[in-house]
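Hydrogens, waters and symmetry mates play no part in the numbers below; they use all other heavy atoms, side chains included.
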Amino acid sequence: MLGLRRLAVAASVHRPVRRLSTMSPPTSPILSVQPTRGLVDEKLKVVVESLPPGSPVTLHSLHHSEDEDYWEAFGHYVSDFRGMVSVSEDLSFGGTYTGKEDMGLLWSMRPVPGSRKGLRLRKMNVCSPMLHNISVYSGHVSEGFREQTPLTSVLVERWYMAPGVKRIDIMEKGVRGTLFIPPGPGPFPGLLDMWGGGGGLIEYRSALLASHGYVSLAMDYFNSQELESADLEFKYFETAFNIIKEHPQVIPDRVGMFGLSLGSLVTMHVAAESTIVKPRCCICVSGSHFYPRDRTIKEVIMEPRSNSHRLRIDENNHHVWRDMWIHLLDDPSKKVDVGKINCPILLVNGKDDQNVPADECAEDIALLMNAAGNGHLLSRVLYPDTGHLIEPPYSPHFRASNFKAAGVATKTVMLLWGGQTKPHSDAQEDAWRKILSFLQHNLYSSTPPRAKL
Amino acid sequence: MDRKRCTLKLLVQPSRGLVDEMFIILVQKAPSGFQLTVHALHKCEDGHSWEAFGHYTADTIGTVNVSEDPSLGGTYSGVEQMGLLWSLRPVPGSKPGLRLRKMNVQIPMEVTISVYQGHQTEGFMDQVPLASVVVERWYMAPGVSRIPITEDRLSATLFLPPGPGPFPGLLDLWGGGGQLVEYRASLLASHGIASLALDYLTAKIIMETGKMVDLQYFEKAYKILEQHPQVHGSSIGMLGLSLGTSITLKMAVYSEVMKLRCAVCISGCHMQPVDGSVEEILKYFNQNADRTRISEENELIWRDVLLPVPSDLAFKVDMGRLKCPLLVVVGEDDQNWPASESAMDMEEMMEQAGNSHLLTVLSYPKAGHLIEPPYTPHARASLFKSLATREKMIVLWGGETAAHSRAQEDAWRKLLVFLKENLYSGSNPGTTSLSHL
């Protein structure tokens, strides 16, 4: 028994049995990234250990997109006296981001040198994760990463869909879209999720919202044959809204609308004018309220063409659309009657939006709503140096990218969205937090919702 | 509570994690003082359902935090952050003797975590929970490559960590149940160690020739690792559980080919014929088969078969000749092998020989034989297919669930530290891989 007790004591003593001679080479550094499988809006903790103290290293992230382009970001660090680098605590001295930036390796990504121009990073297949190779290189490297071997690297998965979220194709009553349902019995609040004039069926934000507990319908509102007259078009959105509302796992009086760009416009229009659907709340990102009454969406998209004299092309050959609409501010018949909105509405805009005069529109909307007596329902946030594409956080920023308007016979142009990378990325992170909070408050709370955040 | 107005939120972080990672389970926005049950459900590859549950009471702001609040009852009690996983047991009505083992490591274990109203103990499947989420538990980190190995007539799988390498290597051996069991090797590769899981009892070559493998089989496996371009030839260790320990000790002490940097032996013994290979070891065990005991629940107890520890040096590995660090992990309630007695004798031999500084023993009270990676269910007894008789019988492994689970968690953590310190420290092929202090 004595022997056994002795062993138990020995259990707590770890004996280091190798003495390192000063001649032996350094241990290879150990890179740990947590979580290795996370949602796209979760923060990463990147730590490198067992480096020689005070040694310069580069932390690099590489992503191979679905379009077969390569995106990269990197930061220059110096290990501390313990031989450690912690991205959330240490300063990057250079690279695609500088300073203390725990998520810089993701949001500062840009196409690698030699890539095609005007790229935009968007995940189309949400059932698989985005893969990022995070590596440690010796020294402060700024180029030629592919030709060098890193000291160590790990692979990280970033998901738009939490485990258990169900993805269902919707082709019902003329509405085409994808429904995402959170795991669990429900019932859940719902969201109608609409993107902008680029069209297509973009699922990632809906998948992410479902991962946060909202039944979300990503809508494709260009490819349906039903969209001919303005009236039918309106019905299309009402029908889509009702598909969500009538779903057995949705709480019928807790369905909201979420739009970006053109989607914002649709959201405001439906909230103001529909006698059939009553959204519980609305989120409008980077939207204007210019909606000539009884015009179709297609016609609204065509608007730039009829205002081509107001189109500006900047020194980089990027198309700037923001000034094309400003003249509409003075004409009430060309604007959504926001005075009729009777649910809380959150406007999220960037001050450097070069596509839509978001700042001026938000001001005008506030004026109109205050005059109509429903100003208490309005909340707005405006971010400095932030552009048009305010997306879920940590995704790369593009000041301009290739754009082809959906459903119309136009050529692809380089459209200027605006924003400076660092402030725009900060805005995305802050906006997403505020958006989730707004949704939680208005769609999940059991007390009657109040507008102000 | 009106489910239509229920605002209770359930959050598990991370929703996708490695099997040995802890998770945080938070219930929020429940009514203050609300009684609830947090429940875990897993359907394993064999189609059986496993469940665990804990009883909690929400605090004044309606929150339950499983890592901080005590479970008041269920399959575990007290503050147990991971209780919902390690206390998983087959649902009522399941067939007896089940053991949970993941055979396909390329897809995760899916566990459904739910919240039920009140303190419940049964009938979960007949009710609708207030909320539920799905959590993935992976044995393989992203980027780990799985490479089946069939050259040299081996039945093995190599798991390589992501990145350029080179990596330290490890030979991973399981016990008398045979099969090619991959999950520990894939988990070790997820921690940066190139690991080779090796089947040495039911391998193709054995099925075809009808003969057990010789020691060259293991040396060939070692060579595969040593010669692999992404493995550090001079940083290779070996890990064995149960019968795998017998092989590990034999190779560590006697092999001229294997230059092991370190070895880990879990729930095993050094008692075996010094000469000979697997066949001889198995014969030696069968000699005293009549010492098998049967428990009150009709479970087989095999620990006495290898006792007493012989004094004849022809029947135990000469531990005094060991030249590399050795970590020995034993459960004091091991009913299958006399691992504790063996560990004591090993220590004595090494103290007499003057190399006991190489030995570290982790001895866990109330832990049984199957000391596995943490946060997976404990099997006190399960169906085991004897190689000799080809019969399936229920064998008693031992261990008391909560203590055994704590032992698994502690042993795994220390095992990883041991491997990293011994396999990572210096990689100069010029230095002799066997330490001289």
Side-chain angles (χ1 to χ4, degrees), chain A residues 3-21 23-28 30-32 34-39 42 50 129 131-133 135-136 149-157 159 162-165 182-187 211 213 251-252 440 444-446, chain B residues 3-5 7 9-10 13-18 21 29 108 110 112 114 128-136 138 141-144 161-164 166 190 192 325 330 332 340 343-344 347-348 357-365 414 417-418 420-422 424-428 431 435 437:
Chain A
L4 206 60
R5 261 210 297 284
R6 204 146 51 87
L7 284 173
V9 169
S12 58
V13 173
H14 183 80
R15 302 170 211 240
V17 287
R18 289 188 57 78
R19 305 255 159 79
L20 286 179
S21 104
M23 297 294 283
S24 59
T27 322
S28 46
I30 297 171
L31 170 64
S32 87
Q34 290 292 353
T36 48
R37 291 181 173 96
L39 287 182
E42 278 168 14
S50 297
L131 296 176
H132 296 271
N133 235 297
S135 310
V136 181
T149 305
L151 297 173
T152 177
S153 82
V154 303
L155 190 67
V156 170
E157 293 180 1
W159 290 81
V165 168
S211 303
I251 307 169
Q440 166 75 29
Y444 262 105
S445 236
S446 50
Chain B
R3 248 183 5 94
K4 282 226 159 277
R5 283 288 164 259
T7 54
K9 288 214 100 165
L10 172 62
Q13 290 282 9
S15 52
R16 291 179 172 96
L18 287 182
E21 273 170 14
K29 300 203 193 302
E110 279 189 9
T112 303
S114 309
V128 179
L130 296 174
S132 88
V133 299
V134 176
V135 171
E136 290 178 3
W138 289 80
V144 167
S190 305
V330 306
E332 290 168 21
S340 292
M344 282 203 288
E347 207 203 4
E348 228 177 88
H357 59 277
L358 293 174
L359 176 67
T360 306
V361 178
L362 303 176
S363 177
Y364 296 99
K414 294 194 160 103
V417 170
F418 176 84
K420 285 184 180 173
E421 286 204 10
N422 285 288
Y424 272 102
S425 55
S427 46
N428 189 346
T431 325
S435 76
L437 283 190

Using a 4.5 angstrom heavy-atom cutoff, name the option from B/Ala141, B/Ser132, B/Gly143 with the most pairs to chain A.
B/Ser132
Checking heavy atoms, do the side chain of A/Leu151, its backbone, both or neither come under 4.5 Å from chain B?
backbone
Main-chain N/O of A/Ile30 paired to B/Tyr424 side chain as donor or acceptor, under 3.5 Å
no
Would B/Lys9 and A/Tyr444 count as a cation-pi pair here, with the cationic atom under 6.0 angstrom from the ring centre and within 45° of the axis?
yes
Is B/Glu348 in contact with chain A via its backbone, its side chain, both, or neither, using a 4.5 Å heavy-atom distance?
neither
Does any heavy atom of chain A fall under 4.5 Å from the side chain of B/Leu10, the backbone, both, or neither of them?
neither
What are the two closest non-hydrogen atoms of B/Pro162 and B/Val144, and how far apart are they?
CD-CG2, 4.0 Å
Okay, B/Glu21 and chain A: the region with an atom under 4.5 Å from a heavy atom over there is side chain
Less than 4.5 Å apart, side chain to side chain, heavy atoms only: is that true for A/Val154 and A/Thr36?
no
Comparing A/Gly164, A/Ser153, A/Pro150, A/Gly184 against chain B, the one with the most heavy-atom pairs below 4.5 Å turns out to be A/Ser153
Any residue meeting side chain to side chain donor-acceptor pair (under 3.5 Å) with A/Glu157, in chain and number order, not counting sequence neighbours:
A/Arg37, A/Trp159
